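Heads up, the thing below is written out as structure tokens.
So you know, we letter chains A, B, ... as the sequences are listed, proteins then strands, and number each from 1. All values derive from a computational prediction rather than experimental measurement.
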Number of protein chains: 2
Amino acid sequence: MSKQSNVVPRPTLRRLAMYLTHMQQLREKGVRWVLSQEMAEALCLSSSTVRQDLTHLDFSGTSRRGYDTEQLAQVLHKELGADQITHMAVVGAGNLGRALVLHGELEKHGLIVVGLFDSDERSVGKKVAGLTVEPVKKLPAVIRNRHITVGIMAVPGSSAQQVANTLVAAGVRGLLNLAPARVCVPKHIALVEASIIPSLQELVHLMRATDR
Amino acid sequence: MSKQSNVVPRPTLRRLAMYLTHMQQLREKGVRWVLSQEMAEALCLSSSTVRQDLTHLDFSGTSRRGYDTEQLAQVLHKELGADQITHMAVVGAGNLGRALVLHGELEKHGLIVVGLFDSDERSVGKKVAGLTVEPVKKLPAVIRNRHITVGIMAVPGSSAQQVANTLVAAGVRGLLNLAPARVCVPKHIALVEASIIPSLQELVHLMRATDR
DNA sequence: TAGATTGTTAATCGATTAACAATC
DNA sequence: TAGATTGTTAATCGATTAACAATC
């Protein structure tokens, strides 16, 4: 009945998102029940990890039958905040920033881009899928007026920290950093890194390492 | 002289990429030496973590002076594979896939997109920055002919596993998964996940959790 | 009931942090 | 030399895995 202690470890959190997409796929196929062992196989995990992860949810399985896919999908949906609308701002109207605005999948998860900013005068005023690129100096006012709680940074590495500071000062409570540079934020601000270049560098190293 | 044991832990690897961009920024400013403590502050780490990480490199600092920024940049550059050209294929010519092809920064790191594929007939033949979108069925031949070693998956979650299988069968040795679904690959294939939607779900959860 | 699967507890593994000896 | 910083070793922390009792 009452929620678990509520501090979901980060690695678990990432897997919860995977469980949700997997449940949605199973439900489309009409599968009602799934075993921890089956989930583990589908997602390259151990069944132990799956069961441990699910203890963080306000949810239980049934011995010998496994987990109700619909119920699990619902609980995960809520746990990952998809039951509420989140307003986001994208900073950086380059190729990546524009791609995000055009990305239709976000809305399915309650995520809406309601602001697009760029520091380059020349791109200000351009339209991207119904949104107009606005200058970064308008950011603080827009963040407040449109109730934006998440900032997505799609800027060059050299300006990443400065943009992060601006967003935090404007009042966002979470940052997704897509820039190829680490940023520092106060610890009450949630930060997730998903930069592509560092990920590719990691990948290339792993490939070399297995060579030898 | 001889390389360290050469199994760089993943968390360390991610930080090595950060150290490299930081070194490049310092060098632009003309900074010759940097202390582990200074690096730690700039990147929100502990100096202990920085020193531990650097032990994985074929490189040493100097007591009381710190690390030579140029030398460290060089060693990191090499360690992360930027000294060699890596040919990559992007699968999925949607907004994200096209943004990657147009992303000018990749080449600075020795990363070149030499193939762009899509399963949708309608986008086949279109040009994106000098590359022509090719049908997925040509993938195996192209991977071989153009010496492609990395596959970047920018496809819907529902087709992610199938695309991964195709890429692996075609002979790539590393995969960057940008699709919102976990994929399984044989263990000799390097895999890095950098999907945006799961990252945003993680972020939204973290924001909620700190609320309470 | 018997048997298989969950939920949970304990053991293992790996990464981070702390502490300090070696070094410049 | 004295003092501060690196490199390294040991202690701590956290996540994963293994094992098993509870449950259906």
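- Within the shown strands, dT8(C) is the pairing partner of dA19(D) under the Watson-Crick or G-U definition, both distances less than 3.5 Å.
- Using a 4.0 Å cut-off between a side-chain N of Lys or Arg and a carboxylate O of Asp or Glu, Asp83(B) and Lys78(B) do not qualify as a salt bridge.
- In this model, no donor atom of one side chain and acceptor atom of the other lie less than 3.5 Å apart for Arg182(A) and Thr21(B).
- With hydrogens and angles left out, the side chain of Ser63(A) and the base of dT6(C) share no donor-acceptor pair within 3.5 Å.
- Atoms CG (Leu13(A)) and P (dG14(D)) sit 16 Å apart, rounded to a whole Å.
- Backbone-only engagement by Ser60(A) is indicated by non-hydrogen atom pairs under 4.0 Å involving sugar-phosphate atoms exclusively.
- Taking for each of Arg64(B) and Thr49(B) the nucleotide of DNA chain C with the nearest heavy atom, the 5'-most of the two is the partner of Thr49(B).
- Ser36(A) comes within 4.0 angstrom of the backbone, heavy atoms only, and of no base.
- Between the side chains of Gln24(B) and Glu28(B), not a single donor N or O lies within less than 3.5 Å of an accepting N or O.
- Rounding to whole angstrom units, CD of residue Gln37(B) and C1' of dA19(C) are separated by 15 Å.
- Looking at Gln162(B), its side chain never comes within 3.5 Å of a backbone N or O of Ser159(B) through a donor-acceptor pair.
- Using Watson-Crick or G-U wobble geometry with both donor-acceptor distances under 3.5 Å, dG14(D) finds its partner in dC13(C).
- Look at Glu70(A) and Arg32(A) and you find no salt bridge, because none of the NZ, NE, NH1 or NH2 atoms lies under 4.0 Å from a carboxylate O.
- Between Leu54(B) atom CG and dA15(C) atom C1' there is a gap of 16 Å when expressed in whole angstrom units.
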Anything under 3.5 Å between a protein N or O and an N or O of nucleotides 8-10 of chain C, put it in a table, one pair a line.
| residue | atom | partner | partner atom | Å |
| --- | --- | --- | --- | --- |
| dT9(C) | O4 | Gln52(A) | NE2 | 3.1 |

